J.: 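Before I ask anything, let me first share the structure, which is written out below as C-alpha cells.
These numbers were taken from a predicted model, which means no experiment stands behind them. The sequence lines fix the lettering, A, B, ..., with proteins before strands; numbering per chain opens at 1.
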Amino acid sequence: MKHSYITAALLIGVIVALVVGTELLGIRLYDRIVTNLLISLVLVIGLQTFMGNSGLLSFAHIGFMGFGAYTSAVLTIPAQMKGMALPDLYGFMTGVEVSPLLAMLVAGIVAAIVAAIVSYPLMRLSDAAAVITSFALLVVLYTVMNNWSAFTNGPRTLFGLPKVTTMPMAAVVAALVVVVALVFKESRTGKLLRASREDEVAAAALGADIPKLRWKAFVLAAFIAGVGGALWGHFITSFAPKSFYLKETFLVITMLVIGGANTVTGAVAGAILVTFAYEGLRGLEGTLNATAAGAGQVVGLTEIVLAIAMIAFMVLRPGGLFPTREIGHILARMRRKKETSA
Amino acid sequence: MLEVRDLSVSYGAIRAVRGISFSLGKGELVSLLGANGAGKSSTIKCIAGALKASGGTITLEGKDITTSSPEQVVRTGLATVPETRDVFPDLTVAENLMLGAYLHRRDVAGNRDNLERMHALFPRLSERSNQAAGTLSGGEQQMLVIARALMSRPSVLLLDEPSLGLAPAIVERIFEMIETLKKSGLTILLVEQNVNQALAVADRAYVMRLGSIVASGTADEIRSTSDLSAHYLGS
Amino acid sequence: MAFTIQFIIDVLSLGGAYALMALGLVIIYGILRLVNFAYGELIMVAGYTMYLSSGSGLPWIVMAALAVAMAVVFGIFTDYAAFRPVRAKSVTAVLITSFAFSNLLQNAALLFISPRPRNVPLPPIFSQTVEIAGAITPVRNLITIAASIVLLAAVAYLMRKTTLGIAMRAAATNFTMARMLGVPANLIISSAFALSGFLAGVVGILWIGRIGTVVPGVGLEPLLVAFIATVIGGMRSLPGAVVGGFLLALIDTTLNYTLPQDLLKFRDAFTFTLVILILLWRPAGLIKGPASGQRT
C-alpha cells in the first residue's frame with residue numbers, strides 16, 4: 001500500500017514539525033502542552049486501532065491507560081521512596097526498581113493481558129451490548145485502581161515517579177504508534193475486521209471469526225493505552241485514579257470522533273485540534289474565574305463546549321474530519337485527478 | 001380514486017421506478033404485473049409512504065399524498081399489505097387485528113362488527129385469536145395481514161404479492177377472498193408475479209419491466225398480447 | 001429468621017429499584033434501538049428539581065410530582081437534542097451524541113448549580129425504621145418495594161392491555177409496519193421517552209432518598225446498573241430487564257453479606273466478573289427480545 005507510506009511520512013512529519021516548532025519557540029508552557037498533546041495522540045490512536053477497525057466504541061480505553069500508569073509506577077518508584085509513596089505495597093515488591101523504558105513496555109503488556117482476559121467474552125456480544133459493557137468495564141477498572149491500595153495508594157495521589165518523559169521521547173512513541181496503527185489497519189486482521197463491519201455475513205463466509213478479530217484489536221488498543229499511560233505517568237510524576245475516568249474518556253472520544261474514527265489521520269487531526277481548543281477554553285475559564293463575576297465558580301464550561309461540538313459534528317459530519325481516507329490516499333487521488341485533467 | 005403520475009423512485013444512483021403513470025377507478029381491481037426487480041414493490045412502498053418518491057405525484061381521491069408519511073396515507077383511506085407479510089410475531093392474532101383498527105380505536109362497536117366480519121371471512125383467525133402471530137402458518141399469516149389491513153376500513157387496498165411462497169390450495173383461497181373483497185366494492189391494486197391468477201380476477205392490468213410500464217389494458221387485452229411472456233423472461 | 005427477612009427485604013428493595021432503572025433504559029432500546037447514555041441524567045434532573053423546589057413551601061408530594069414531571073420533560077428533550085438529528089446515521093453516532101449530551105447535562109449542573117452535594121427534601125418517613133419479625137429495616141426500603149410493585153404492574157398493564165402499549169410492542173418489531181397501520185411514529189417515540197423519563201424520575205426520588213443529597217454525577221450508578229441489568233436480561237426484552245435488575249440485586253446483596261470488609265470495596269468488580277460468567281454462558285442474555293426489529 002503505497003499511500004500508507006505517504007500517510008505515515010506525513011503524520012510523522014506533523015509530529016516532528018510540532019516538536020521542532022516548540023523547541024524553536026522555547027516557551028516552557030508550550031513544551032508542556034505539546035508533550036501532553038503527543039501523549040493524547042498515543043491514546044487516541046490506540047483507541048482508533050480498535051474503534052476504527054471494529055466500528056465499536058470502547059469506553060474502557062482510559063482504564064487500561066490507568067493500569068499502564070500504575071504498573072510503571074510500581075516498577076520505577078525508587079526503592080527508598082516506596083515506603084512513603086506506596087505504604088501498603090507487598091513486601092517482595094518493595095525492592096523492585098527497573099528502568100523506566102522497560103517499565104513502559106511492561107505497562108503495555110500488563111494492560112494487554114488484563115484486556116485479553118476480561119474482553120474475550122464481551123467481544124461475542126451484540127454491538128450495543130458490547131459497547132455498554134465496555135462502559136461498565138471502565139467503572140470496574142476504576143474501582144480496582146481506587147481500592148487496590150497496595151499498588152495504587154488507593155484514591156490518594158501517588159507520587160514519586162521518575163520524570164523521564166520528554167517532548168522528543170513522547171514524539172518518538174507517537175510516531176511508532178502511528179506506524180503500528182497503519183500497519184494493523186492494512187494487516188489481514190484489520191482488513192477482515194473492517195470488511196466485517198460492512199457485511200458480517202460475507203466476512204464470516206470468508207472465514208472471519210469476528211469476535212476473535214475484535215478481541216485482537218481490543219488487546220492491541222489496550223497495549224497502546226498502557227504504554228501511553230506509563231508515558232503520561234512519567235511526565236506528570238504524580239496522579240490519582242480519578243485521572244483515569246470519565247472526564248479523560250470523554251476527552252479521548254471527543255478527539256477521535258471529531259477527527260474521524262475510521263482513519264489514523266483523523267485520530268491525529270482530532271487530537272491536535274481538540275487539544276488546542278481545550279487549552280484555549282481552559283485559559284478562558286481561568287480568565288473568567290479571575291474576574292469578579294466568575295469568582296472561581298466557572299467549572300465545566302470547557303466540557304459543555306466540547307460536548308456541543310461533538311453533537312454538532314455527529315449531525316453535520318458524522319465521520320469526522322477524515323471520515324474514510326487517510327491523508328496519503330487523499331493526496332494521491334488529488335495528484336491523479338490533476339494529472340488526468342491536465 | 002388513486003392516480004399515479006410520472007412516479008420515480010431511486011435508491012442512490014439506481015433508478016428502480018422510472019416515471020410511471022397509472023390510475024385506479026372506484027371499485028376497480030387493477031393488477032400490476034412484472035418479473036422480480038421490475039419496480040413493483042418500490043411503487044407500492046412509495047404509494048404507502050414508506051419510501052420517498054424522487055419525482056412525480058400520487059393523488060388519492062383528489063388529495064396529494066406524494067410526500068405523506070405512512071400514518072397519513074392510511075388515514076386518507078389507503079391500506080397496504082406488504083409483500084414481506086409483516087405480522088407482529090410477538091403479538092397475538094387479536095392484538096394484531098386490534099392494531100389494524102388503530103385509526104378507529106374509539107369506535108368500539110364498529111370494530112366489533114368488523115372483527116366479526118373478518119372472523120367470518122377467515123374462520124382460522126378466530127380459532128387462533130389468542131395465539132402469537134409468529135406461530136401461524138404462512139397462509140394464516142397472509143390472511144391475518146389482509147384482515148388487519150381491512151380493519152382500518154380502507155377505500156383502497158394495496159396487495160403486494162399475496163400468493164408469494166404459499167401452497168397452491170392456499171393461493172386458491174386467497175384469490176377467492178380477493179374476489180369477495182372486490183364484490184364488496186373495495187378498490188384494489190394487486191401486485192403479482194402469478195400472471196394467470198391475477199388476470200383471472202383483475203379488470204385491468206399494467207405490466208412493468210425495468211422500472212417502466214411496458215403494456216396496459218383490460219385483463220383480456222393483456223392476456224391476448226403475445227409478447228407478455230417476453231416481458232417476464234426479460235428478453 | 002430475622003436475617004432471612006432482612007435479606008429478602010434488601011434484595012427486593014434494591015431489585016425493585018434496579019428493575020425500574022433497567023426498564024426505563026430498555027424501553028428506549030427495545031423499541032427504538034437507541035442506547036440512551038443520558039439516562040442517568042434524568043435521575044439527576046429529578047434530584048435537582050427537588051433541591052430547587054425545596055424552598056418553595058410546597059407539600060413534599062407536589063415537589064416529588066414536579067421532579068418526575070421534569071424527568072419526563074427532559075426525557076422527551078433528550079430525544080430532540082441527542083437522537084432526532086442523528087437517528088438516520090450509524091449506531092455509533094447515536095451512542096456518541098447521547099454520551100455527549102450526558103456530559104453536557106452533568107457539566108451544566110456543575111456550572112450552574114454546584115459541584116458540591118445539595119440537600120434534597122425528604123419526608124420524615126424516609127429516615128424511619130420499622131421492625132418486622134425481629135428484622136429492623138428502613139421504611140424507605142418498604143416504600144421502594146411497594147413503589148416498584150405498583151410501577152412494574154402498571155407498565156405491564158400498559159404494554160399488554162392498552163392500545164398505546166400494544167402499538168409500542170408492535171413498533172419494537174416492525175416500526176414501519178406499525179406506521180402503515182396509522183400509528184404515528186412521533187407518538188411512539190415520544191411515549192417511549194416519556195415513559196423512560198417517568199421511570200427515571202420515580203426511581204430517582206427513591207434512589208436519592210437513600211443518600212439525601214444530589215450531585216452532578218448521581219446518575220452514574222443507576223446508569224451502570226441499568227446497563228448491566230439489561231445486558232444480563234437480554235437488551236431488548238422488558239421482562240428481561242426486570243429479571244436482570246432483580247438478579248443483579250441478588251448478586252450485590254449476597255456479596256454485601258458474604259464478602260469480608262476489605263474485599264467489599266471491590267464488590268463492583270466481583271459483580272462484573274459474575275456478569276461476564278453469565279454472558280459466557282448466554283451471550284444474548286437470559287431472555288430473548290422481540291423477534292426482529294430494525295432501527296428507526
J.: Out of curiosity, A/Phe135 CZ to C/Leu223 CG, how far, rounded to the nearest 0.5 Å?
T.: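 Reported to 0.5 Å precision, the distance equals 5.5 Å.
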J.: Side chain, backbone, both or neither: which part of A/Val315 has a heavy atom under 4.5 Å from chain C?
T.: both
J.: Would you mind checking which part of C/Ala81 comes under 4.5 Å of any heavy atom in chain A, side chain (CB onward), backbone (N, CA, C, O), both or neither?
T.: backbone
J.: So what's closer than 4.5 Å to chain C heavy atoms on A/Val144: side chain, backbone, both or neither?
T.: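 Interface part for A/Val144: both.
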J.: Which region of C/Pro115, side chain (C-beta onward) or backbone (N, CA, C, O), has a non-hydrogen atom less than 4.5 Å from a non-hydrogen atom of chain A, or is it both or neither?
T.: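 The side chain, not the backbone.
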J.: Applying side chain to side chain contact (heavy atoms under 4.5 Å, CB included), name anything that partners C/Ser54, two or more places apart in sequence or on another chain.
T.: C/Pro121
J.: State the CZ-CG distance between A/Phe250 and C/Leu104, to the nearest 0.5 angstrom.
T.: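 Here the interatomic distance stands at 8.0 Å.
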J.: Give, as side chain, backbone, both or neither, the part of C/Leu220 having an atom under 4.5 angstrom from any heavy atom of chain A.
T.: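 The side chain, not the backbone.
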J.: Contact between C/Leu111 and A/Ile304 at the side-chain level, heavy atoms closer than 4.5 Å - yes or no?
T.: yes
J.: Can you see which heavy atom on C/Leu110 is nearest to which on A/Val299, and at what distance?
T.: O-CG2, 3.6 Å
J.: Tell me, yes or no, whether the heavy-atom count around C/Phe83 atom CZ, taken from other residues, nucleotides or ligands under 6.0 Å, exceeds 12.
T.: yes
J.: Is the distance between the ring centroids of A/Phe59 and C/Phe227 less than 6.0 Å?
T.: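 Judged by ring-centre distance (under 6.0 Å), A/Phe59 and C/Phe227 do not meet the cut-off.
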J.: So which heavy atom on C/Ala100 is nearest to which on A/Ala307, and how close?
T.: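 The pair with the smallest heavy-atom distance is O-CB, 3.4 Å.
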J.: Quick check for you: among A/Leu122, A/Ile132, A/Val305, A/Leu306, which has the greatest number of heavy-atom pairs under 4.5 Å with chain C?
T.: A/Ile132
J.: What part of A/Met314 is in contact with chain C, defined as an atom under 4.5 angstrom from a non-hydrogen atom: side chain, backbone, both or neither?
T.: both
J.: For the atom pair CD1 (A/Ile308) and CZ (C/Phe101), what is the distance rounded to the nearest 0.5 Å?
T.: 10.0 Å
J.: Just by distance, which donor-acceptor pairs between chain C and chain A come in under 3.5 Å?
T.:
residue  : atom : partner  : partner atom : Å
C/Lys89  : NZ   : A/Val315 : O            : 2.6
C/Thr92  : OG1  : A/Gly55  : O            : 3.2
C/Lys265 : O    : A/Asn147 : ND2          : 3.4
C/Leu280 : O    : A/Arg124 : NH1          : 3.4

